[in-house]
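See structure below.
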There are 2 protein chains.
Amino acid sequence: MATPADATRPHRAPLNTQAVLRAAVALADESGVDALSMRKLAQALGVAPMALYKHVDGKDELLDGMIEVVIGEIDPPEPGVEWKTAIRRRVLSARQMLLRHPWASQVIEARTKVRPTPAVLAYMDTMIEIFRSGGLSVDLTHHALHTMGSRLLGFSQELFNESGGDDQEPDPETSRAMAEQYPNITALVTAITHDEGSVVGAGCDDQFEFEFALDLLLNGLERLHDAAS
Amino acid sequence: MATPADATRPHRAPLNTQAVLRAAVALADESGVDALSMRKLAQALGVAPMALYKHVDGKDELLDGMIEVVIGEIDPPEPGVEWKTAIRRRVLSARQMLLRHPWASQVIEARTKVRPTPAVLAYMDTMIEIFRSGGLSVDLTHHALHTMGSRLLGFSQELFNESGGDDQEPDPETSRAMAEQYPNITALVTAITHDEGSVVGAGCDDQFEFEFALDLLLNGLERLHDAAS
DNA sequence: ACAATTAGGTATACGCCGTACGCCTGTCAA
DNA sequence: TTGACAGGCGTACGGCGTATACCTAATTGT
């Protein structure tokens, strides 16, 4: 007679796999992926650590499940759109997801090296489909994927965003030492931050920079495609 | 009278910071960075775990030191070379380093988010110098750095290299299921691996793909630079 | 109607990890 | 001679992932 909701004991809702994954994503979003442990996650769900293993095979599979969740947040491709626009929208949507979940980039990269998850494979599959139905050759599509997947430097992205990462103003002495040791960085940063007063504090417009890179690349691919026709 | 080398007790060489860092790099190279623990490193050096803390401040600082070591392996810039060639050589040299130390990319990215090491800053500084002395504007240099630092996808790079990561041949049934679920990936992979019999097993020429991406980007930057002149 | 199965949660324990703290022992300068 | 100190060691603490065994309530087959 008792419905599952008003059972006599302080039953919390019986906790399925999706709930575990969503809680894990939320916890990683707010505390960082390093602070995501099975024990902390269990505590956040009001449950003993080992209870999680009834719903998830282990930490690696938990991470894979979290990947599935966030990849699912990327907008699906719209049919009947020109390939360059379609790719552009998809990549920008993926970027929005990565900004919402700062841990995702690192986790996806690490886990994909071991074994790509179905959602990652599906994402890649639709990307290929867009290129191919846009008329790009197999070879050019292949090159395009590699080009968009490579990072060429492997780091550096976050150097300007917060000018160092810590929050306090650099005291004059250290900033003078900085200017001495890294004159080119210093010159570039001051030039950037002093231009166009529109930018709020310091730093640059990341969205603009991202689209700059994306368009540079897409235009290059289009040029190659046109030349081949 | 006893030289440090022939001391009476089984003294191993007194173990300085550089030796610790080099051992850590070697251990990460052969066992992966996940298997690199202070305890394992100490064991590899024939020393108690806590001995390391006399030479390194902690694990994070150990990782920073390892970054300094591998960044030091990147060829220094040669003066008097045209900017595009200079950048090209530097980036390819950095890539060789990253191939030698598969853990480096991940570690550098993670630590740079916290605080960039001096070597990373110095590397960036010389990159900026090359662009600027090549005549590129501050803005274009800025864009160039972002473009080369962004990955646009964040993953996917390793999908083709080993067609899945595990070593056994996929049995016919699973590969049929693959072909059904990811038709575009399947089509692309089979087309790539069946072309040009020159390629040994399966997979593609990573070096070629990397240079393709690099040149696509450098040519795009050059075009923008010429248009601005 | 009742026994058997099972799904969901728990408690305990093992072996790893990073590292704070204190101690010991040679070496060498004053 | 003495005392500082550099280098190394042992112990211990809290946190981690997770194997194993156990408990309880619901569900199901007969």
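Labels below follow one simple rule: chain letters A, B, ... track the order of the sequence lines, proteins then strands, and each chain is numbered from 1.
For the residue pair B:Pro116 and B:Val120, the shortest heavy atom distance occurs at CB-CG1, 4.4 Å. Among all heavy-atom pairs drawn from A:Asp29 and A:Arg100, the shortest one is OD1-O, 3.8 Å. Shortest non-hydrogen contact noted between B:Met97 and B:Ala104 is SD-CB, 4.3 Å.
A heavy-atom distance below 4.0 Å to DNA chain D is reached by these residues of residues 18-41 of chain B, ordered by number: B:Arg39. DNA chain D lies under 4.0 Å from at least one heavy atom of each of the following residues of residues 43-56 of chain B: B:Val47, B:Ala48, B:Met50, B:Ala51, B:Lys54, B:His55.
Using a 4.5 Å cut-off on side-chain heavy atoms (C-beta onward), B:Met38 and B:Pro49 make no contact.
The pair B:Arg89-B:Asp75 does not meet the salt-bridge criterion, since no charged nitrogen lies less than 4.0 angstrom from a carboxylate oxygen.
Between A:Lys59 atom NZ and C:dC16 atom C1' the separation is 14 Å, expressed in whole Å.
Ring orientation note: the planes of A:His146 and A:His142 are nearly perpendicular, at an angle over 60° on the 30°/60° scale.
The ring pair (Phe, Tyr, Trp, His ring centres under 6.0 Å) analysis of residues 96-115 of chain B, with sequence neighbours excluded, yields the pairs B:His101-B:Trp103.
With hydrogens and angles disregarded, no donor-acceptor distance shorter than 3.5 Å links the side chain of B:Thr117 to the backbone of B:Glu68.
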